[in-house]
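The structure under discussion appears below in the form of structure tokens.
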Number of protein chains: 2
Amino acid sequence: MTNSGREDETRARLLDAAGEIFSCKGFHAATVREITKAARANVAAIHYHFGSKDRLYLAALEHAHAEAMRLYPPELGLPPDASPETRLYAYVRALLLRLTEKNRHAWLSRLMAREMAEPTPQLAVVVERCLAPANAVLRAIVADILGPGADAAAVARCAQSVVGQCRHFVIDRPVIARLYPENAAEIGGLDALAAHVARFSLAALRGYQTSDFAPPQLEPHSGDML
Amino acid sequence: MTNSGREDETRARLLDAAGEIFSCKGFHAATVREITKAARANVAAIHYHFGSKDRLYLAALEHAHAEAMRLYPPELGLPPDASPETRLYAYVRALLLRLTEKNRHAWLSRLMAREMAEPTPQLAVVVERCLAPANAVLRAIVADILGPGADAAAVARCAQSVVGQCRHFVIDRPVIARLYPENAAEIGGLDALAAHVARFSLAALRGYQTSDFAPPQLEPHSGDML
DNA sequence: CCCCAATTTGAACACATGTTTGACGTAAGG
DNA sequence: CCTTACGTCAAACATGTGTTCAAATTGGGG
């Protein structure tokens, strides 16, 4: 302690500052000096408390994961007898909330978003443990709406269509705003976005199984990909 | 050799190597020495041909943009009398192709994807010039399917829902694969993905206007965001 | 043949980074 | 009071970075 009581405090400040700066600038662009300055600590404090910049990054990710799960658990606090439509809306809204969290830890899930664009081996496991339970909940909701005729692949694809919309509206928000410069606010706030994604996805799920869509024959692409 | 004729060749090799390495490791993580080594050129060649690492990055982005537009133009080679459904499928397929391009320039659109996660001021303009025309095409298709009763905001949101699905299925593919480890191939190849996104989105657009969905009242979130 | 401009090269520079060191200050125990 | 352990701090270290420079190399023209 330096002193009594203060010992863990700088560690916690370091964790918070690291999460915020890592999420804003990425792992490489963020410097330990910037983090320690934001945390009002010395450069050596990182090595003392965490060992290295890498381990600090890992610790910040685990901390963010724990905080996100604590604030927005997959159950969402809904009554178990809620309709699938309500549960879908609640799931979408909670996901958007987790992705845009700006209250105490503005960076909670943005770290994970950045990880997906530039994955690091150790953290894939963390992402997996964080995303898998929530995704199971979503698939249950989707399966309920699709009905018994849907196979697992269709359920999985539709669930990812829902997640993809949410991630895009939040993560690519600066790009979307630039695409509609005249009326950037047209896209709307979080609740309007949640309503749109839920409405769009609900209509999609209801008409998915009975769709008469058959992909037309187009000129084949040169190389095989994916 | 060094002279005459070869002068532009190293510049082209530099451009190719820069695009590949920048797209794989990001701007900060990529080093000029790695790029010049991949291009079989000297470190000083970057400064000689482009002036700096930043300008090389900008040149690589513009080069990638031009190549992507040349290979997969927004018109998609469809007959002008094609149905909106066919045009939607073709647009989705072309977008997926652009995002997964692995033939000659595996990194064509991945640079843009990385830019969105970690935007740099100068390149936002490039992204804007690249994405805006294609997005106008998509909005026209979406407006056709939605019908005359849809306002601009609804069209914009639905168009972004389509784009978001495509980006998610391609960019977050490693995450999706980890979510379904038992049957990773279940999601399917590019054509299957294009068929799913088109089917999902078509059902959504057809039912969007006549949807009876009303967002249920949930406990409000603490902070206002976005 | 020799000179010239363009291009490439290896080596060095200045700087920022992550990391380490050793001293300093603060409490607790004898 | 002295010792000890722990946390903090400023300063320095080693390394890798982008950048720069002058010499070397190339092919074409007088």
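Since we're looking at a predicted model, the values are computed, not measured. Note on naming: letters A, B, ... go to the chains in the order of the sequence lines (proteins, then strands), and numbering restarts at 1 for each one.
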Let's see if you can work this out: which of D:dT20, D:dG18, C:dT9 has an atom nearest to the side-chain heavy atoms of B:N42? C:dT9
For the backbone of B:F50 and the side chain of B:R55, can you confirm whether one donor and one acceptor N or O come within less than 3.5 Å of each other? yes
Rounding to a whole Å, what distance do you find between B:H47:NE2 and C:dT8:P? 15 Å
Between A:F169 and A:H196, what is the ring plane arrangement, given parallel below 30°, perpendicular above 60°, and tilted in between? perpendicular
Under the side-chain contact (heavy atoms from CB on, under 4.5 Å) criterion, do B:Y89 and B:V197 qualify, and how do the steps go? CA-CA 8 Å; B:Y89 172 74; B:V197 172; over 6 Å; no
Quick note, A:A44 side chain, CB onward, closest among D:dC21, D:dC9, C:dT19 is D:dC9
Let me know the distance between CD of B:E9 and C1' of D:dT26, rounded to the nearest Å. 15 Å
Distance in angstrom units between B:K25 NZ and D:dT17 C1', rounded: 13 Å
B:R40 has an atom CZ; how far is it from atom P of C:dT8, in whole Å? 12 Å
Kindly indicate whether the side chain of A:R33 and the base of C:dG18 share any N or O donor-acceptor pair separated by less than 3.5 Å? yes
Check the distance between D:dT17's P and A:H28's NE2 and give it to me in whole angstrom. 10 Å
Just how far, in rounded Å, is C1' of D:dG18 from NZ of B:K53? 8 Å
Assess whether side-chain contact (heavy atoms from CB on, under 4.5 Å) is satisfied between A:L131 and B:R178, documenting all intermediate values. CA-CA 10 Å; A:L131 269 48; B:R178 279 181 184 276; over 6 Å; no
When rounded to whole Å, the NE2 to P distance for the pair A:H49 and D:dC9 reads 9 Å
Result for 5'-nearest mapping on DNA chain C, choosing between B:A41 and A:I46, is B:A41
A:S23 side-chain N/O to A:E20 backbone N/O, donor-acceptor pair under 3.5 Å: yes
Does a side-chain N or O from A:T31 land closer than 4.0 Å to OP1 or OP2 of C:dA16, or not? no
Picking from C:dT19, C:dG18, D:dT19, the nucleotide nearest the side-chain atoms of A:S52 would be C:dT19
Separation of B:Y48 atom OH from C:dT9 atom C1', in whole Å? 13 Å
